[in-house]
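Values in this document were obtained by computation on a predicted structure and should not be read as measured data. So you know, we letter chains A, B, ... as the sequences are listed, proteins then strands, and number each from 1. Computed from heavy atoms alone, side chains included, the values below leave out hydrogens, waters and symmetry copies.
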Amino acid sequence: MPDSLNARIYETVCRIPSGRVATYGQVAREAGLPGQARLVGYALHNLPDHSGVPWHRVVNARGGISLDQTYGSGRLQRALLETEDVIFTDDGRIDLAVYGWMQDSSHPTVG
DNA sequence: TGCTTGACATAAT
DNA sequence: CATTATGCCAAGC
């Protein structure tokens with residue numbers, strides 16, 4: 001199994017600060033996989049529960065959970081994000097403009 | 001070995 | 001912002 005690949009993705013996902021979320025594309029770029037956002041999702045799929053990787057901080061470009069929110073993982077991610085003070089919209093999405101993983105300190109809610 | 005699928009992104013409308 | 005069409009790479013059978 002290509003741990004070198006997943007490892008890069010896990011490393012990047014762990015880089016996501018609490019209370020914020022990053023898109024698959026953003027993680028993919030940080031992991032050195034520009035354009036291969038799918039591989040990020042694939043890696044997270046292989047991600048074991050005992051890995052300690054904050055996979056719940058990874059969402060799609062719409063700021064929404066692609067998983068089935070009607071069952072386990074989907075509901076779990078939302079629950080975990082809520083524990084990070086992340087607010088969901090009525091549409092069940094996250095405002096990337098507010099909770100998006102911005103490396104710059106510039107934040108609409110902070111600045 | 002080759003086809004199909006997949007926790008997605010981006011461009012155009 | 002939502003929808004539709006296309007691209008990308010790796011895993012599964």
For atom CD of A:E11, decide whether the heavy atoms of other residues, nucleotides or ligands shown that lie under 6.0 angstrom number more than 12. no
Does A:Q36 or A:N46 map to a spot on DNA chain C nearer the 5' end, using the closest nucleotide for each? A:Q36
Between B:dA7 (P) and A:D68 (CG): distance, integer Å: 11 Å
So which heavy atom on A:G64 is nearest to which on A:V59, and how close? O-CB, 3.6 Å
Starting at CZ of A:R29 and ending at P of C:dC9, how long is that distance when rounded to a whole Å? 14 Å
Nearest-nucleotide wise, let me know which of A:Y42 and A:G35 is further upstream toward the 5' end of DNA chain B. A:Y42
note: A:L80, atom CG; B:dA7, atom C1'; distance rounded to Å ~ 14 Å
Check every atom of B:dA7, B:dT10, C:dC8 against the side chain of A:R62 and return the nucleotide holding the closest atom. B:dT10
Expressed in angstrom and rounded to an integer, what is the separation of A:L96 atom CG from C:dA2 atom P? 11 Å
Base, sugar-phosphate alone, or nothing: which one does A:R93 contact when heavy atoms must sit under 4.0 Å apart? sugar-phosphate
Starting at atom CG of A:L33, determine the distance to atom C1' of B:dT10, rounded to an integer number of angstrom. 17 Å
May I have the distance from A:L81 (atom CG) to B:dA7 (atom C1'), rounded to whole angstrom? 13 Å
Taking the six-membered ring of A:Y24 as reference, does the cationic atom of A:R38 (NZ for Lys, CZ for Arg) lie under 6.0 Å from its centre and within 45° of its axis? no
To the nearest Å, how far apart are A:R38 CZ and B:dA7 C1'? 10 Å
